[in-house]
Q: 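Sharing a structure, written as structure tokens. Questions coming.
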Amino acid sequence: MLLTGAAGHLGRRIAAHLASSGCHLALSDVDAAGLASLAAELTDETTAGHGSVVSIPVDVTDAQDARAAVGDAQESLGGLDVLVNAHGIEGPTAPVEALDPDDVRRTFDVNVMSLFWLCGTAAEIFKTAGGGRIVNLASGAGLAGGAFTGVYHASKHAVVGLTRSLALELGPAGITVNAVCPGFVESPMVDRIVSSLGDLDLPTEYAHMVPLGRYADPDEVAETVRYLACEAPEYMTGTCLVLDGGLRA
């Protein structure tokens with residue numbers, strides 16, 4: 001299994017849940033130092049029944065490097081049947097008329113364009129193997145709009161659209177494609193977004209909007225990703241599992 005964005009706050013929790021299920025993991029991230037730290041941590045915690053762990057530092061916005069990382073994961077693990085795309089950035093929080101084109105392009109390069117290179121290469125491998133699973137980390141932001149965070153919302157709408165499109169395209173080859181759409185999560189990314197909204201004199205507390213009255217714990221998101229990667233029925237594809245405490249019920 002290849003997990004991208006593994007060194008991030010949420011990626012580390014996803015890696016831990018997958019490792020505890022005995023998955024053989026190829027961990028990928030642009031943060032080489034953070035990746036090495038995570039790999040060492042998971043290796044130290046390895047017990048009987050847990051899988052192997054390898055690290056593949058890569059900038060997934062580089063199409064050639066992203067494709068090579070998928071191939072490296074297959075070679076290092078002796079095969080590949082699952083791709084989990086957990087990387088992503090929040091992009092700029094600003095009025096639409098004040099957006100920097102470079103910031104917008106960077107957000108889409110990381111959150112969207114990279115998925116084409118990663119999923120495309122994985123699809124080639126999975127087709128040869130007779131099937132596989134792709135899990136994308138989308139967002140509740142991909143299911144609704146957001147004032148002043150339109151770049152992030154638009155990028156996650158694209159992830160949802162790509163997930164559903166690939167489910168249709170790859171289903172005949174026995175490849176499932178699903179996504180997880182978390183709402184507010186206790187994480188540095190959400191903290192940064194909320195802080196940026198505060199700089200625009202907008203509210204900075206949103207837990208009261210959630211029917212369950214709190215943000216999601218990262219482990220709740222990680223477990224949902226693990227379910228789709230490891231346990232979900234093979235008949236489940238094109239699904240975007242919403243994990244938002246009832247925010248969009």
Side-chain angles (χ1 to χ4, degrees), residues 4-14 28-31 34 58-63 65-66 85-119 136-165 179-211 213-218 221 225 240-249:
T4 70
H9 180 74
L10 190 51
R12 295 180 74 93
R13 299 314 307 153
I14 294 171
S28 176
D29 201 286
V30 70
D31 179 2
V58 66
D59 179 354
V60 293
T61 64
D62 184 297
D65 289 351
N85 291 309
H87 62 279
I89 58 176
E90 69 268 25
T93 300
V96 66
E97 66 271 20
L99 291 172
D100 184 327
D102 289 338
D103 291 340
V104 175
R105 292 190 185 96
R106 173 64 179 171
T107 305
F108 273 80
D109 281 344
V110 174
N111 293 359
V112 184
M113 299 304 294
S114 62
L115 298 187
F116 285 95
W117 326 136
L118 293 162
C119 293
N136 294 322
L137 194 63
S139 171
L143 304 172
F148 305 103
T149 53
V151 177
Y152 180 71
H153 279 70
S155 73
K156 290 303 184 177
H157 271 74
V159 174
V160 169
L162 180 60
T163 297
R164 290 171 171 163
S165 297
V180 178
C181 293
F184 293 105
V185 181
E186 293 285 356
S187 67
M189 177 185 284
V190 170
D191 289 344
R192 290 192 298 269
I193 293 173
V194 170
S195 177
S196 295
L197 290 172
D199 292 340
L200 298 174
D201 293 326
L202 295 168
T204 58
E205 175 53 53
Y206 296 92
H208 69 279
M209 298 170 55
V210 181
R214 64 175 177 86
Y215 291 176
D217 186 292
V221 180
V225 172
C240 296
L241 288 182
V242 180
L243 190 74
D244 66 1
L247 181 63
R248 294 180 178 83

Q: Any donor-acceptor pair under 3.5 Å linking the side chain of Thr4 with the backbone of Ala86?
A: yes
Q: Give a yes or no on whether the backbone of Val110 and the side-chain of His87 come within a donor-acceptor separation of less than 3.5 Å.
A: yes
Q: Measure the spacing between CG of Leu143 and SG of Cys181 and express it to the nearest 0.5 Å.
A: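 One finds 4.5 Å between CG of Leu143 and SG of Cys181.
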Q: How about Asp65 and Val60: do any of their side-chain heavy atoms sit closer than 4.5 Å?
A: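 The answer is no; the side chains never approach within 4.5 Å.
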Q: Atom CG of Leu202 and atom CZ of Phe148: how far apart are they, to the nearest 0.5 Å?
A: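 Interatomic distance, Leu202 CG to Phe148 CZ, rounded to 0.5 Å: 5.5 Å.
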Q: By salt bridge (Lys or Arg N to Asp or Glu O under 4.0 Å), which residues pair with Asp244, not counting sequence neighbours?
A: Arg248
Q: Is any side-chain heavy atom of Leu247 less than 4.5 Å from a side-chain heavy atom of Tyr206?
A: no
Q: Closest heavy-atom contact between Pro182 and Ala138?
A: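 What the structure gives for the nearest pair is CD-O, 3.8 Å.
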Q: Mind checking the CZ-CZ spacing from Phe184 to Arg214? Nearest 0.5 Å is all I need.
A: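 Rounded to the nearest 0.5 Å, the CZ-CZ separation comes out at 14.0 Å.
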Q: Locate the shortest heavy-atom distance separating Ala63 from Trp117; write the atom from each residue and the value.
A: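 Heavy atoms only, the tightest pair is CA-CD1, 3.5 Å.
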Q: Using the side chain to side chain contact (heavy atoms under 4.5 Å, CB included) definition, which of the options Leu137, Leu243, Leu241 pairs with Val225?
A: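 Checked Leu137, Leu243, Leu241 against Val225; only one passes side chain to side chain contact (heavy atoms under 4.5 Å, CB included): Leu137.
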Q: Measuring only between side-chain heavy atoms, which start at C-beta, is Cys119 closer than 4.5 Å to Asn85?
A: yes
Q: Using atom types as modelled and distance alone, determine if a side-chain donor or acceptor of Glu205 lies under 3.5 Å from a backbone N or O of Ala207.
A: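 Yes.
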Q: Is any side-chain heavy atom of Arg106 closer than 4.5 Å to a side-chain heavy atom of Thr61?
A: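 Touching, per the 4.5 Å side-chain cut-off.
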Q: Once rounded to the nearest 0.5 Å, what's the spacing between atom CG of Asp59 and atom CG of Asp31?
A: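 Output value for this atom pair is 12.0 Å.
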Q: So, do Thr204 and Ser195 sit near enough that their side-chain heavy atoms are less than 4.5 Å apart?
A: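 Not touching, per the 4.5 Å side-chain cut-off.
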Q: Would you mind reporting whether Val221 and Pro218 have side-chain heavy atoms less than 4.5 Å apart?
A: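 No, side chains not in contact.
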Q: If you look at every heavy atom in Ala158 and Val112, which pair is closest and at what distance?
A: CB-CG2, 3.7 Å
Q: Taking side chain as C-beta onward, heavy atoms only, is Ser165 less than 4.5 Å from Thr163?
A: no
Q: Rounded to the nearest 0.5 Å, how far apart are CZ of Phe108 and CG of Leu115?
A: 11.5 Å
Q: Test your reading of the model: is there a side-chain donor-acceptor pair from Asp29 to the backbone of Ala7, 3.5 Å cut-off?
A: yes
Q: Applying side-chain contact (heavy atoms from CB on, under 4.5 Å), run through Leu197 and Ile193 and close with a yes or a no.
A: CA-CA 6 Å; Leu197 290 172; Ile193 293 173; 4.2 Å; yes
Q: For Arg105, is there an ion pair with Asp102 - N to carboxylate O distance below 4.0 angstrom?
A: yes
Q: Tell me, with the steps shown, if Val151 and Leu99 meet side-chain contact (heavy atoms from CB on, under 4.5 Å).
A: CA-CA 9 Å; Val151 177; Leu99 291 172; 3.7 Å; yes
Q: Tell me, which pairs form a side-chain hydrogen bond (donor to acceptor under 3.5 Å, both in side chains) where one or both residues lie in residues 145-159, sequence neighbours left out?
A: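 Non-adjacent pairs meeting side-chain hydrogen bond (donor to acceptor under 3.5 Å, both in side chains): Asn111-Ser155, Thr149-His153.
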Q: Find out whether His9 and Met189 are in side-chain contact, i.e. whether some heavy atom of one side chain is under 4.5 Å from a heavy atom of the other.
A: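 His9 does not reach Met189 side chain to side chain.
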Q: For residues Thr107 and Pro92, report the shortest heavy-atom separation together with the two atoms involved.
A: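 Looks like OG1-CD, 3.5 Å.
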Q: If you compare all heavy atoms of Pro95 against all heavy atoms of Leu200, which two are closest, and at what distance to 0.1 Å?
A: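 Closest approach of Pro95 to Leu200: CD-CD2, 4.4 Å.
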